[in-house]
Student: 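I'd like to ask some things about the structure below.
A, B, ... follow the sequence lines: proteins, then strands. Residue 1 opens every chain.
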Amino acid sequence: MNVALAQSASQGTRVLSYAGALLETMDAALARHTNVFIMGQGVDDFKGIFGSTTGLAEKHGAKRVFDVPLMEEGMTGIAIGAALAGDYPITTHIRADFSFLAMNQILNLAAKYRYMFGGLMSCPMLIRIVVGRSWGQGAQHSQSPQATFAHFPGLTVVMPSSSQAILDMYPAIIARHPGPVISIEHRLLYNLDFTVSDTGKHVPLGSYVAREGTDVTVVATSVMVLEALRAAQYVHDKAGVSAEIIDLNSISHPDWDLVAASVRRTGRLVVADTSWLEYGVAAEVCRQLVVRDPRLLKQPPSLLGMAPAPCPTAKSLEDIYYPSQHETVDAILTQVTGAGHGIPLPVERSMTEGYKRFRGPF
Amino acid sequence: MNVALAQSASQGTRVLSYAGALLETMDAALARHTNVFIMGQGVDDFKGIFGSTTGLAEKHGAKRVFDVPLMEEGMTGIAIGAALAGDYPITTHIRADFSFLAMNQILNLAAKYRYMFGGLMSCPMLIRIVVGRSWGQGAQHSQSPQATFAHFPGLTVVMPSSSQAILDMYPAIIARHPGPVISIEHRLLYNLDFTVSDTGKHVPLGSYVAREGTDVTVVATSVMVLEALRAAQYVHDKAGVSAEIIDLNSISHPDWDLVAASVRRTGRLVVADTSWLEYGVAAEVCRQLVVRDPRLLKQPPSLLGMAPAPCPTAKSLEDIYYPSQHETVDAILTQVTGAGHGIPLPVERSMTEGYKRFRGPF
Amino acid sequence: MKDEATYRRLFRTALLIRLVEERIIALYPSDRIQSPVHLSIGQEAVAVGVCDGLRPDDLVFATYRSHGFYIAKGGRLDAMFAELYGRTDGISGGKAGSMHLTAPQVGLMGSSAVVASTIPHAVGAALSFKRRGSDRIAVTVFGDGATEEGVYHESLNFAALMEVPVLFLCEDNGLAVHSHRPVRQAYRLAEHAAAFGIGSRRLEEGWDMLAVREATLQAAAKVRAGAPFVLEIATSRYKEHVGVGEDFHFGYRTSASVDAFKRRDPLIVDAALAKALEPELEREIDAAVAFAEASPAPGRPELLTDII
Amino acid sequence: MKDEATYRRLFRTALLIRLVEERIIALYPSDRIQSPVHLSIGQEAVAVGVCDGLRPDDLVFATYRSHGFYIAKGGRLDAMFAELYGRTDGISGGKAGSMHLTAPQVGLMGSSAVVASTIPHAVGAALSFKRRGSDRIAVTVFGDGATEEGVYHESLNFAALMEVPVLFLCEDNGLAVHSHRPVRQAYRLAEHAAAFGIGSRRLEEGWDMLAVREATLQAAAKVRAGAPFVLEIATSRYKEHVGVGEDFHFGYRTSASVDAFKRRDPLIVDAALAKALEPELEREIDAAVAFAEASPAPGRPELLTDII
Ligand SMILES: Cc1ncc(C[n+]2csc(CCOP(=O)(O)OP(=O)(O)O)c2C)c(N)n1
Ligand SMILES: Cc1ncc(C[n+]2csc(CCOP(=O)(O)OP(=O)(O)O)c2C)c(N)n1
Ligand SMILES: [Mg+2]
Ligand SMILES: [Mg+2]
């Protein structure tokens, strides 16, 4: 299925999968910048991080794209050292959960180096971490730690939700961003096709309006942006409800004024995030609004995220663990017309049933 | 200086430092439960984790209290394994920052084991981590990761702010709590004396009102509870302002209804936390309030935490990096009487000047 | 003959593991098992030889690739299939799935999908045993790749310093996903362990259940006497890293690389015995699958239980 | 004589380090240095011998105990004192303090207060050098305790596999805070490194600047040729772990344990040379202290700069 940012493919556009966009940007970065290299477990194998690095070792050589042993902390420290020596390292974790082994290097070193040395040191680098979901990923292959990283000053944390976001952000990050960037890529996005445009800048290193609307503001991250867009279309078609979707996109440096301005107009808020609500993105959205003005919100917001538990493996539990399309639609309608909205909800329960039967590769 | 929970020492009370309370509870746990053991770097040396384990190795033997090599991840995994085999391990990190090396074992294993195995496994254990502040601790010895840990279901995270909190919570945790507990102890509290009572239960494993008031609700954590109590006394004396102080105390399982009920009465909120505001405790407090009712807040709250940067070393920067007594008082007055309150602020700028010149040991 | 009885016992369990995994392969396209599966086909002899060489009350800590260890240690087959199906009668009520098998009542402790993460757990359990003066031992099972993680180093050092009864059991299939060992490791386990004063042995005949059992008995005796030990067993993963297919056509390895192993694999070589045992084992598996099919799926009431 | 000139050069730098740290001791009670200080008094010969054996463009990655390496590598003394004072003219404008000295223009890269955390940084820098065909080398300086952390294992393995030009430089003072090495380590660095195919040398004469320099020259030559190397130098920390006092009265070690070292310490033994050089060095230090005293403290404008 083609999940397009723009609703119809127009001139100067093409269709590109998320994995394809990653592969293109990785390839271009290697071609453009001699100091770029990519390292990670399996980056040079035939699966190539779900197709995002496939063939690059052959094309650019084993000095530019190479496999590493299992050594998350060590690898991240090596990346920092290479960055300090002038390289631009790109590292990968096929599950975000594995980046927890590198937390010390990420939080205590990479995030601190520029400030701690008064600007004398800097470690520009890109850490790509993939969030797992569906097909029984379970408690240790499913976490989405954007709030964890964004809590720490010094890190830039983004969650590209489309091929366009990759095409627009990654080259800018690699060419110009002064510090470490953590990009949280959602596994369910990889195989989706998006319509992209190669001209003009679309997705900033901040937040943007993914769909304009007037009745309710939906702040979403990563794959939940797609869920929100589908839900917005549904409520528009079934109930004439106009939902504005904001892709937060940058978690460390979002455009909070954009969010506040939208809520100022709509008075209603849904947050749809890929992680837990507690101490998560939903919490920070609420803080940003009330420090501006608690009256921006005309009523309690609806917040969608993972259930407050580790992720269960059984499909029947996973289906209720994550917010479904059903619940996303319900949240929007409840905001706009109250809990007794009476509008039939989509029958589909799980997002993965909706547009992709995800069955790996993992 | 004696920072008393109750303002005056009455019958059945005694004076006990925070370090003393820790030492007492550690000693009692070892005496009471044969499966308890304490391990950590330096737990058996003459400094004994700032006096909280001194002499325990001599008293209870090296099998119960022992030093370990530098191996945070390994030590935490060993604690989990021992817990799975029926022991109750207590581990220490003399700086919270070092626990980041054990993030994988904490977040991916300890936090998950009970749920992931459907209740068949459990790893009751206590991880004591100390937050550094003052005297040039710098970017890597000063972090306070309560929000980071509390984001992950499966962990219980507490921040005892007084000797009484230690005396009341630790024995209950060690004797009965089914899962892993992270206790975040603030270094600045260690050498303070508190009035404690040995009878009756005072500090629950949730939140509690540390001082009653009617004009404004101050939600505080750890050492900021003391700061808030001092500020409350000041605004009472100078301006007749009545501030209610809630010690959040449990970060993973606070009593949000208590907080909401207080704000419902006062309509005004100050949050005083030991970490960054972004994706932190202040954010979660705001979320909990607005999901109940955005109108609970009559005006934007005042939020106090670390400046959005790594912690600088220079004292002149540290003094403005952390919220001062000055700013805490100002926040309370601003909430109650507006920004132009005109009431003179305390001259003292830094908390550490206020009641303790902290000069180590580190 | 004693040895013959032992051989038959081990063979039967190994065959059960293989048939269980072959059933998983057969069922997989039906999507009734919606979970990544890491098959141990080719590696069964390690699980059965090791578990038979241990005492029932010794504890084993394992990985995402542990169908074999679960069965060899004596885990219930019906609860296992129900777990793979994600049902309430599964071992962990469906919350665990294939990657997190456990059977505490027979000494299989939690299996983790984070590589190397249960290595220190076994050290910790061994520490407990030692503190209590127990003569039980703890075994950590891990792949060759796991030894690259820093926690392996920390665990060896601590185990050696504290002289705790832990057996480090490495299943060396030469692969971590698609990476061959030489591109990942500058060391050999034996020299590496020796640097910590830890004894070790590498067994090349990883297909030979009796040899694995014997090596385990010897290693366990040393460990029980208080010396940690590293036992490395060369083995062969016939299937792809995760999933139910083969992966020779991807070119990162050849089928020849496993053929030498297959030619010695008793489950293949001793076709007569396999054939004789098969019907009974298949019936056992049928019953377990039927049990799983009949078990209800968990839902709202189970979602938020057993969290803290 | 050539050797004599070298000796005097090294001696002068070592003495400067000692006098600087003695000045820190003298200043400390005044609270003008409000930062934990980890003194290297007793260990100066390592810093000067190593840095003199390197090329100026080689990179050194260090720790919280790096006053010595900062000075030996050629860092500015005035900026160092201003940094300890937490002033705007400090190396890092006061944001770093004693634990995080750096001097990128002379090749001292960031110093970290998290033990072992800069070990992989040197490996990464060495990887960069190799990728670019440069003949520079990277050196990571760490204490004996640092080798217990898992990242040391990961770093050795990677360095050996990729054959990057990195020198692992261990300052073995036998202590991690108050813990003696034998209670922490079941291994010796040499055998351990050998398990990764990494060459090593242990130098017992850590007081001998010329011997350290010579060992470094030899090791650096091997490293520059593409082979990582572990150089372990036995040394002695005269003062307490952190702070400016002595700690023999706490009973965890005796003063006798350092006396043997002191009896060979050239800065003590060669009192005549020390006395001859002192006045000039003290003037240098006076000027640096005066520079620090005159420098303004940072404030609001600096608080939120250089974050991302
Ligand atoms: C810490 C961590 N890093 C990476 C992964 C991804 N991963 C899963 S299995 C595996 C290979 C492990 O190899 P080995 O330990 O030899 O076990 P095998 O799969 O061969 O049985 C990797 C890299 C992981 N699960 N955990
Ligand atoms: C990861 C980590 N764990 C613990 C500490 C606390 N700590 C500071 S210095 C030190 C001892 C380090 O010993 P060694 O590496 O030998 O260096 P030395 O201080 O002897 O120079 C410890 C445990 C730390 N800073 N970082
Ligand atoms: Mg393997
Ligand atoms: Mg040392």
Student: Of the options D/L167, D/L189, D/L169, which is the one that meets D/V230 in a side chain to side chain contact (heavy atoms under 4.5 Å, CB included)?
Tutor: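 Considering D/L167, D/L189, D/L169, a side chain to side chain contact (heavy atoms under 4.5 Å, CB included) with D/V230 is found only for D/L189.
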
Student: Using 0.5 Å steps for rounding, measure from the CD atom of A/Q146 to the OG atom of A/S222.
Tutor: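 It is 7.5 Å, given to the nearest 0.5 Å.
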
Student: Need one label for A/T34: side chain, backbone, both or neither, based on atoms under 4.5 Å from any heavy atom in chain D.
Tutor: backbone

Student: Which one of D/A125, D/A138, D/A96 has the most heavy-atom pairs closer than 4.5 Å to chain A?
Tutor: D/A125

Student: Where on A/V68 is there a heavy atom nearer than 4.5 Å to chain D: the side chain, the backbone, both, or neither?
Tutor: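 The answer is the side chain of A/V68.
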
Student: When heavy-atom pairs shorter than 4.5 Å are enumerated against chain A, which of D/A113, D/S117, D/G97, D/G90 gives the highest number?
Tutor: D/S117

Student: Between D/L127 and chain A, which part of the residue has a heavy atom less than 4.5 Å away: side chain, backbone, both or neither?
Tutor: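 Side chain only.
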
Student: Side chain, backbone, both or neither: which part of A/D87 has a non-hydrogen atom closer than 4.5 Å to chain D?
Tutor: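 When you check distances to chain D, atoms from both the backbone and side chain of A/D87 fall under 4.5 Å.
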
Student: Under the side-chain hydrogen bond (donor to acceptor under 3.5 Å, both in side chains) test, which residues partner A/R287, sequence neighbours left out?
Tutor: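 Here the qualifying residues are A/E284.
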
Student: Look at the aromatic rings of A/Y113 and D/H121 and report parallel, tilted or perpendicular, splitting at 30° and 60°.
Tutor: perpendicular

Student: In terms of heavy-atom proximity below 4.5 Å to chain A, should D/L303 be classed as side chain, backbone, both, or neither?
Tutor: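 Answer is both: backbone and side chain atoms of D/L303 are under 4.5 Å from chain A.
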
Student: Is it true that A/Y88 and A/F37 have ring centroids separated by less than 6.0 Å?
Tutor: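 Centroid distance A/Y88-A/F37: not below 6.0 Å, so no.
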
Student: Could you give the distance from OG1 (D/T102) to CG (A/L84), rounded to the nearest 0.5 Å?
Tutor: 8.5 Å

Student: Please identify, among A/K63, A/E73, A/M116, the residue contributing the most non-hydrogen atom pairs under 4.5 Å to chain D.
Tutor: A/M116

Student: Could you have a look at A/G118, A/P153, A/S122, A/C123 and say which one has the most heavy-atom pairs with chain D under 4.5 angstrom?
Tutor: A/G118

Student: Evaluate whether atom CZ of A/R292 has more than 12 neighbouring non-hydrogen atoms of other residues, nucleotides or ligands under 6.0 angstrom away.
Tutor: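 It does: A/R292 CZ has more than 12 such atoms within range.
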
Student: Check each atom of D/F61 against the heavy atoms of chain A and say whether the ones under 4.5 Å are side chain, backbone, both or neither.
Tutor: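 When you check distances to chain A, only side chain atoms of D/F61 fall under 4.5 Å.
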
Student: Counting only non-hydrogen atoms closer than 4.5 Å, does D/R132 touch chain A with its backbone (N, CA, C, O), its side chain (CB onward), both, or neither?
Tutor: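 The side chain, not the backbone.
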
Student: Give the ring-plane orientation class for D/H153 versus D/H192, where under 30° counts as parallel, over 60° as perpendicular and anything between as tilted.
Tutor: tilted

Student: Relative to chain D, which segment of A/L109 carries a heavy atom at a distance below 4.5 Å: side chain, backbone, both, or neither?
Tutor: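 Contact with chain D: side chain only.
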
Student: So what's closer than 4.5 Å to chain A heavy atoms on D/I91: side chain, backbone, both or neither?
Tutor: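 Contact with chain A involves both backbone and side-chain atoms of D/I91.
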
Student: Looking at A/H141 versus A/F98, is the centre-to-centre ring distance below 6.0 Å?
Tutor: yes

Student: Heavy-atom distances under 4.5 Å only: say whether D/S111 touches chain A with side chain, backbone, both or neither.
Tutor: backbone

Student: Heavy-atom pairs under 4.5 Å with chain A: which of D/E302, D/M162, D/R136, D/E154 has the most?
Tutor: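 Option with the top pair count is D/E154.
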
Student: If every non-hydrogen atom of D/T305 is compared with every non-hydrogen atom of D/K95, which pair is closest and at what distance?
Tutor: OG1-NZ, 2.9 Å

